[in-house]
Amino acid sequence: MLFAVKMDVEIPQDLDAAVREDLLSREKNYCQDLQKAGRWVHIWRCAGQYANLSVFDVADNDELHTLLWNLPLFPYMKVSVTPLATHPSALDAAAAAS
Ligand SMILES: O=C(O)CC1=CCC(=O)O1
């Protein structure tokens with residue numbers, strides 16, 4: 001199942017710099033591990049925002065919830081989830097088949 005997920009990041013300005021760097025490092029590793037596993041299939045920066053628009057390919061809502069809940073930055077994010085369905089005009093074979 002495909003989900004579009006928008007993550008708006010709001011890290012407090014007064015968060016300790018070392019804690020911030022550790023969070024960002026763990027977030028990057030977590031994200032890249034999920035990309036390698038084929039779960040996190042797109043991540044795009046939303047231009048002009050400290051936010052990303054991502055696409056996840058997961059078994060179900062529960063798997064998505066677990067992946068999002070375990071994001072190191074989760075406590076500092078607003079997350080919105082949109083389930084995706086096939087668009088009838090899509091040329092992309094992978095999109096049409098899913
Ligand atoms: O910078 C962001 O958009 C937050 C984020 C999610 C995964 C990652 O590596 O950074």
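Counting starts at 1 for both ligands and their atoms, in listed order.
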Give one line per pair: atom of ligand 1, protein atom, distance. Only N/O to N/O under 3.5 Å.
from, atom 1, to, atom 2, distance (Å)
ligand 1, 1 (O), Arg45, NH1, 3.2
ligand 1, 1 (O), Arg45, NH2, 2.9
ligand 1, 3 (O), Arg45, NH1, 2.7
ligand 1, 3 (O), Asn52, ND2, 2.9

When every non-hydrogen atom of Glu27 is compared with those of Leu73, the smallest separation belongs to OE1-N, 2.8 Å
With a 4.5 Å cut-off on side-chain heavy-atom distances among I, L, V, M, F, W and Y, is there a chain of contacts connecting Trp69 to Tyr76?
yes
Is the side chain of Thr66 donor-acceptor paired with the backbone N or O of Asp62 at a distance under 3.5 Å, no angle test?
yes
Distance-only, no hydrogens or angles: does the Trp40 side chain make a donor-acceptor pair with backbone N or O of His42 under 3.5 Å?
yes
Phe3 and its side-chain contact (heavy atoms from CB on, under 4.5 Å) partner, picked from Asp57, Leu84, Leu67, Asn61:
Asn61
Treating Glu63 as the side-chain partner and Val58 as the backbone partner, does any N or O pair qualify as donor plus acceptor under 3.5 Å?
no
